[in-house]
Amino acid sequence: DAGVIQSPRHEVTEMGQEVTLRCKPISGHDYLFWYRQTMMRGLELLIYFNNNVPIDDSGMPEDRFSAKMPNASFSTLKIQPSEPRDSAVYFCASSETGVTQPQHFGDGTRLSIL
Amino acid sequence: QKEVEQDPGPLSVPEGAIVSLNCTYSNSAFQYFMWYRQYSRKGPELLMYTYSSGNKEDGRFTAQVDKSSKYISLFIRDSQPSDSATYLCATASGTYKYIFGTGTRLKVLA
């Protein structure tokens, strides 16, 4: 079974550029989550969707960050303009309905902003 | 104060040892407690999921929750080099919003 698929795996770009991260959740999962992981702050939830609708975006750090889920099989996280402090590993996760259902993670996008 | 505190390690143990990994949390509303394992350059994978207080066992892994002291533990018996990874604890209060610890790096030496 295919797990959560993220692309690209690595992204290196210069400050000020637009960055788009992509995620394909597990088929049939109703919930999709975007996380950011850094050494200092660990894994932080940025935003999550239920049935393609954003439910909680309180973790989105600034207006430079935006996320969309146009359909059940695709989501994007966009940073515009990017800054060096945005460098981190960004993970997408998905789960079935039910708080007891585990969140399954992709292998992340390692983002470096120069 | 962070909502979930976890010693970053690294923790080095010999193969076959019993490993104890721990987290403390501050919000008494947390009811769901998870342990994830994360290998280098991979995403976290769920190891254990417990609700409220008590113990849960799965093979060599035992998760323990003490809500009175806001303390959660993961024990690994007969540790193997393949257990070398970062272990993340996480909590939730009944919503889908997980709060993660920063992770403990474990190294099991052959």
Side-chain angles (χ1 to χ4, degrees), chain A residues 2-10 21 23-26 29-51 53-60 88-112, chain B residues 1-10 21-27 29-52 54 56 58 61 63 65 72 74 85-105:
Chain A
V4 175
I5 299 172
Q6 292 187 245
S7 64
R9 289 298 313 277
H10 304 275
L21 310 181
C23 175
K24 177 178 169 54
I26 294 172
H29 282 192
D30 303 299
Y31 284 81
L32 183 138
F33 308 83
W34 281 102
Y35 287 89
R36 179 171 67 177
Q37 187 176 42
T38 61
M39 290 289 288
M40 291 299 295
R41 300 175 66 91
L43 201 58
E44 299 174 290
L45 178 66
L46 300 176
I47 185 172
Y48 76 90
F49 295 82
N50 175 220
N51 291 325
V53 176
I55 303 300
D56 185 343
D57 66 354
S58 59
M60 297 285 263
V89 183
Y90 291 80
F91 287 101
C92 177
S94 69
S95 75
E96 297 178 85
T97 297
V99 180
T100 59
Q101 296 300 319
Q103 295 183 18
H104 297 271
F105 284 76
D107 283 335
T109 294
R110 188 170 295 268
L111 178 63
S112 295
Chain B
Q1 182 191 6
K2 291 181 181 176
E3 289 189 276
V4 178
E5 300 270 7
Q6 189 173 7
D7 189 325
L21 303 167
N22 308 294
C23 287
T24 58
Y25 63 94
S26 58
N27 189 342
F30 291 143
Q31 301 176 66
Y32 301 88
F33 305 93
M34 287 70 67
W35 284 96
Y36 280 79
R37 178 176 62 195
Q38 186 176 18
Y39 291 114
S40 180
R41 298 185 179 267
K42 303 289 276 184
E45 61 175 316
L46 183 71
L47 277 179
M48 301 288 281
Y49 188 112
T50 54
Y51 172 71
S52 194
K56 184 175 181 179
D58 184 1
F61 299 90
V65 177
I72 54 179
L74 178 71
T86 296
Y87 289 80
L88 303 164
C89 62
T91 65
S93 60
T95 71
Y96 293 86
K97 191 168 183 175
Y98 287 7
I99 308 296
F100 282 84
T102 51
T104 299
R105 281 192 295 135

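Throughout, a chain's letter reflects where its sequence line sits, starting with A, and its residues are numbered from 1. Atom set for the values below is all heavy atoms of this structure, side chains included, hydrogens, waters and symmetry mates excluded.
Atom CG of L88(B) is separated from atom CD of Q37(A) by 6.5 Å, given to the nearest 0.5 angstrom.
Heavy-atom minimum distance, K97(B) versus L45(A): CG-CD2, 3.6 Å. Heavy atoms only, all atoms of each residue included: R9(A) and R41(B) are closest at NH2-O, 3.3 Å. For the pair Y96(B) and F33(A), the tightest heavy-atom approach, listed with the atom from each and the gap, is O-CE2, 3.5 Å.
Residue Y39(B): no heavy atom, backbone or side chain, is found under 4.5 Å from chain A. Neither the backbone nor the side chain of Q6(B) comes within less than 4.5 Å of any heavy atom in chain A. Residue contact with chain B, scored on non-hydrogen atoms closer than 4.5 Å, involves the side chain of R110(A) exclusively. Of the two parts of S58(A), only the side chain, counted from C-beta on, holds a non-hydrogen atom closer than 4.5 Å to a non-hydrogen atom of chain B.
Ring pair F100(B)/Y35(A): centre-to-centre distance below 6.0 Å.
The interface of residues 102-109 of chain A with chain B, defined by heavy-atom distances below 4.5 Å, comprises P102(A), Q103(A), F105(A), G106(A), D107(A).
Between F91(A) and P44(B), some side-chain heavy-atom pair lies under the 4.5 Å cut-off.
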